[in-house]
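In what follows, a single structure is set out as structure tokens and then discussed.
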Amino acid sequence: MSERLRAELARVAGTFGGDVAFTLERPRDLAHGDLATNLAMQLARRERTNPRAMAERVVAALDLSSARLASVEIAGPGFINFRLAAETLTEDLQRILTEGARYGRSQSGQGRRVNVEFVSANPTGPLHVGHGRGAALGDGIAALLEWTGHTVTREFYVNDAGAQISRLAASLWTRIQQAVGRTAEIPEGGYHGDYLKEAAAELLTREGASFADLDIATGVARCRTAVLVLQRAEQDTTLADFGVHFDVVSSEQWTYDHGDVDAAITRLRIAGLTFEDGGALWLRTSSFGDDRDRVLRKSDGTYTYLAPDIAYHLDKFARGFDHAIDVWGADHHGYIPRMQAALTALGLPAGWLDVALVQLVRVVRGGEEVKMSKRSGDFVTLRDLYEETGVDAARYWFLMRRGDSHLVFDIELAKSRTDENPVYYVQMAHARMSGIFRNAGRAAEDVTGTIALSVLAVEDVDLLKKLTQFPEIVARAAIESEPHRVTTYLDELARMSHGWYHACRVLGEPPEIEHSRLLLARATRQVFANALTVLGISAPDRM
RNA sequence: GCGCCCGUAGCUCAGCUGGAUAGAGCGGCUGGCUUCUAACCAGCAGGUCGCAGGUUCGAGUCCUGCCGGGCGCACCA
């Protein structure tokens, strides 16, 4: 419908002399009609004439015979407002019911393969709240891409090759020694968290007390392997319980072992993108948008993190993805230019890699800041959080705001006053729709037929119009990698639904009204279910 | 010093590629359950959209400069 109108507007714009950028969108205020265009104002701008007069000329030139419109009017500074004929709404409702759980999906992605890498937490300790936000966001972005016809791979990258893993292994070895009653100190820069005490106890139980008597080199090496397996398993379990699953887990160590790092360096050298200075090997990232060159290989012969990261992204590209999205903590924003510079230098398409930043979460407990330091072990884990608030509430909360805005998560509030949590407001709206059918003694799917808009109230029609926005919301959220657009929509829809529920009684009304409202309730319930499903949040039938 | 993000109601935040009278939740105040869940609804109060310029018919939105907050500017990852 809107496509046909847009085409006609473009045709008229052409007759007024060339293409001009104009919008055709739903006005915020329903009183302004169903669709509005600023075309006349854009034309007037170029022609330097009165916008309202231009609007008169545009309206006169429009051929609207094929567009099913109830009215066209000029308003405000020169907007042209269109009101759709009632049949289009009737058809919209049919479409929601027909498409059911698929309503909101589209094929605009045309099967393009997209890799979404997120969380990718170091295996040096439990996942914290910030990882939870990254998990919710990455999973939401991935789901939105699936809903818009992309083929998505969810990927987790493990930094299992760095010096911090060595320190972690040494720290665990210390805990092992302490566990058998010897005095030992956590090494400089080591990890002090209690989770290593638990790991030490577990390891001793499994391997026997003699494990502590191994020589240091062997002991630390075995601690390294053991702690990696342990941490990864715990992260996976924590994420799975949070409803997040990965298709692929990649390893930094693997890129070394597989020769990918050396191969990447060689490629860069052959391409003339590197130079040596001070015994180190540098990459000329400054020629590709970075503000300085970066070291690839230190003068001691070891690589910086950048080398395996480049190798890893090359591997992703080689695996055939049309597009890659990395979800990074905002504290890594400074690395975006150098990574993109490196990939551009190697000839990857511009824009192949997008980075979605997620601001770190400030955790507050009862108004008091909770320090999150892995070293001191004093921090709130993701599991702590969702076991207190529930998975649904935590996921919804993480997705309520834009990823790059600061987020304050007050655990005390979410814990002690869960009725104030917006997710319940939304889920309640869904439960109420389900309740109507429960009370009617029939399944929502069994209510079929055509809605009779003429017998309904303005609240009914406004609710239906809100429902028809859902596909656009999904499409937009997917394009922008912004799942919060869906939570915002859900909140708006919930408000309208609760208002409708009060204003418009369903059961016991005259048959035609009852039937039409049952259809509307069925469609509303469907849209709630779909929107919550995209975000990985449950849609309960009763609360 | 340089770069990125942010600055909107008392608090936490939305505001769709620049549009019409800037919104929601929480908190505050007034009302509302003999009727499909009051985990709800209706209403009221609360704004110099950080400040100052600029572009535009039109700026919370775009540009410039300041101010404030966060983060980053390693041969750490």
Side-chain angles (χ1 to χ4, degrees), chain A residues 21 23 25-29 31-32 36 38 41-42 44-45 48-52 75-79 81 122 124 159 161-165 189 252 277-282 291-292 294-306 308-309 329-337 357 359-360 362 367 400-402 404-410 413 417-422 424-425 427-429 431-440 469 472-473 476-477 479-480 482 484-485 487-489 491-492 495 497-509 514 517-518 521 542-543:
Chain A
T23 59
E25 57 192 8
R26 296 168 190 271
R28 282 179 199 155
D29 189 342
H32 294 140
N38 63 350
M41 288 181 284
Q42 296 298 333
R45 172 185 210 158
R48 301 208 165 273
T49 59
N50 182 324
R52 287 195 66 111
F79 286 102
N81 295 338
N122 287 338
T124 51
N159 288 111
Q164 86 279 13
I165 303 298
E252 180 186 10
D277 183 48
L281 184 69
W282 295 70
D291 51 12
R292 52 165 296 185
R294 305 291 170 178
V295 172
L296 281 171
R297 198 188 57 215
K298 294 175 269 184
S299 52
D300 67 3
T302 63
Y303 290 115
T304 64
Y305 71 94
L306 186 58
D309 263 14
D331 54 335
H332 287 72
H333 72 260
Y335 309 121
I336 298 173
L357 290 181
Q359 281 285 350
L360 301 186
R362 235 183 77 218
M400 275 190 337
R401 284 85 197 247
R402 293 210 328 271
D404 58 2
S405 76
H406 299 267
L407 177 67
V408 176
F409 205 125
D410 191 327
L413 191 86
R417 309 173 74 174
T418 52
D419 57 313
E420 289 174 2
N421 199 313
Y424 292 106
Y425 184 74
Q427 288 181 319
M428 184 63 195
R432 278 182 148 177
M433 297 301 150
S434 299
I436 292 172
F437 292 97
R438 196 161 49 239
N439 287 311
Q469 290 178 13
E472 296 167 26
I473 297 290
R476 187 74 188 179
I479 289 169
E480 304 288 343
E482 291 183 339
H484 81 275
R485 290 171 185 275
T487 51
T488 302
Y489 171 76
D491 198 60
E492 293 166 357
R495 197 172 320 114
S497 298
H498 285 305
W500 173 81
Y501 188 86
H502 269 263
C504 301
R505 171 120 196 133
V506 179
L507 303 179
E509 293 292 296
E514 179 179 290
R517 285 192 172 146
L518 278 170
R542 64 166 81 224
M543 296 181 72

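Letters A, B, ... are given to chains in the order of the sequence lines, protein chains preceding strands, and every chain is numbered from 1.
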Checklist entry - According to the Watson-Crick and G-U wobble definitions, with both distances under 3.5 Å, which nucleotide is paired to B:G47? => result none
Item to check | Base-contact (B) and sugar-phosphate-only (S) positions in nucleotides 2-9 of chain B, heavy-atom cut-off under 4.0 Å, - elsewhere | outcome: -BBSS---
Item to check | Separation between the P atoms of B:C5 and B:A52, rounded to whole Å | outcome: 23 Å
Next on the checklist: For A:Gln42, give me all partners under side-chain hydrogen bond (donor to acceptor under 3.5 Å, both in side chains), at least two apart in sequence or on another chain.
Outcome noted: none
Next on the checklist: Base, sugar-phosphate or nothing for A:Arg485? Non-hydrogen atoms, less than 4.0 Å.
Outcome noted: sugar-phosphate
Item to check | Residues forming a ring-ring contact (aromatic ring centres under 6.0 Å, His included) with A:His498, sequence neighbours excluded | outcome: A:Tyr425
Item to check | Nearest-Å distance for atom pair CD/P, residues A:Glu480 and B:A14 | outcome: 15 Å
Next on the checklist: Heavy atoms only, 4.0 Å cut-off, all strands: where does A:His484 land among base, sugar-phosphate and nothing?
Outcome noted: sugar-phosphate
Item to check | Protein-nucleotide distance (A:Tyr305, atom OH; B:A77, atom C1'), rounded to Å | outcome: 8 Å
Next on the checklist: Here's a test of your reading of the structure: between A:Ala431 and A:Met400, which maps to the more 5' nucleotide of RNA chain B?
Outcome noted: A:Met400
Item to check | Nearest-angstrom distance, P atom, B:C49 to B:A9 | outcome: 10 Å
Checklist entry - Within the modelled atom types, does a donor on one side and an acceptor on the other bring the side chain of A:Gln42 and the base of B:G58 under 3.5 Å apart? => result no
Next on the checklist: The criterion is side-chain hydrogen bond (donor to acceptor under 3.5 Å, both in side chains); which residues satisfy it with A:Tyr303, sequence neighbours excluded?
Outcome noted: A:Asp262
Next on the checklist: Ignoring hydrogens and geometry beyond distance, is the side chain of A:Tyr335 in donor-acceptor contact with the base of B:A77 at under 3.5 Å?
Outcome noted: yes
Checklist entry - How close or far is atom P of B:A39 from atom CZ of A:Arg432, stated in whole angstroms? => result 8 Å
Next on the checklist: List the residues meeting side-chain hydrogen bond (donor to acceptor under 3.5 Å, both in side chains) with A:Thr23, not counting sequence neighbours, and say none if there are none.
Outcome noted: A:Asn38
Next on the checklist: Taking B:U61 as the reference, what is the distance to B:U56 when you measure between their C1' atoms (whole Å, please)?
Outcome noted: 13 Å
Next on the checklist: With hydrogens left out and only the distance checked, is there a donor-acceptor pair under 3.5 Å joining A:Thr304's side chain and the base of B:C75?
Outcome noted: no
Checklist entry - Given B:U35, is OP1 or OP2 found less than 4.0 Å from the side-chain N or O atoms of A:Asn439? => result no
Checklist entry - With A:Glu25, which residues qualify under salt bridge (charged side-chain N to carboxylate O under 4.0 Å, His left out), at least two apart? => result none
Could you write out each protein N or O paired with an N or O of nucleotides 59-63 of chain B at a distance under 3.5 Å?
from  : atom 1 : to      : atom 2 : distance (Å)
B:G60 : O6     : A:Arg28 : NH2    : 2.9

Next on the checklist: Once hydrogens and angles are ignored, does a donor-acceptor distance under 3.5 Å link the base of B:A20 to the side chain of A:Asn81?
Outcome noted: yes
Item to check | A:Arg495: partners by salt bridge (charged side-chain N to carboxylate O under 4.0 Å, His left out), with sequence neighbours left out | outcome: A:Asp491
Next on the checklist: So A:Ala330, base contact, sugar-phosphate only, or nothing? Heavy-atom distance under 4.0 Å.
Outcome noted: sugar-phosphate
Checklist entry - At under 4.0 Å between heavy atoms, what does A:Gly278 touch on the DNA or RNA strands: base, sugar-phosphate, or nothing? => result base
Checklist entry - Quick one: ring-ring contact (aromatic ring centres under 6.0 Å, His included) partners of A:His332, sequence neighbours excluded? => result A:Tyr335
Checklist entry - Looking across every strand, which nucleic acid part, if any, lies under 4.0 Å from A:Leu281 by heavy atom: base, sugar-phosphate, or nothing? => result nothing
Scan nucleotides 29-34 of chain B against the protein and return all N/O pairs shorter than 3.5 Å with their distances rounded to 0.1 Å.
none

Checklist entry - Taking the same atom, P, in B:U55 and in B:A59, what whole-Å distance lies between them? => result 12 Å
Next on the checklist: Ignoring hydrogens and geometry beyond distance, is the side chain of A:Asp331 in donor-acceptor contact with the base of B:G72 at under 3.5 Å?
Outcome noted: no
Checklist outcome for this item: Across all chains, not counting sequence neighbours, the salt bridge (charged side-chain N to carboxylate O under 4.0 Å, His left out) partners of A:Glu514 are none
Checklist entry - With A:Arg402, which residues qualify under side-chain hydrogen bond (donor to acceptor under 3.5 Å, both in side chains), at least two apart? => result A:Asp404
Checklist entry - Base, sugar-phosphate, or nothing for A:Glu492, non-hydrogen atoms under 4.0 angstrom? => result nothing
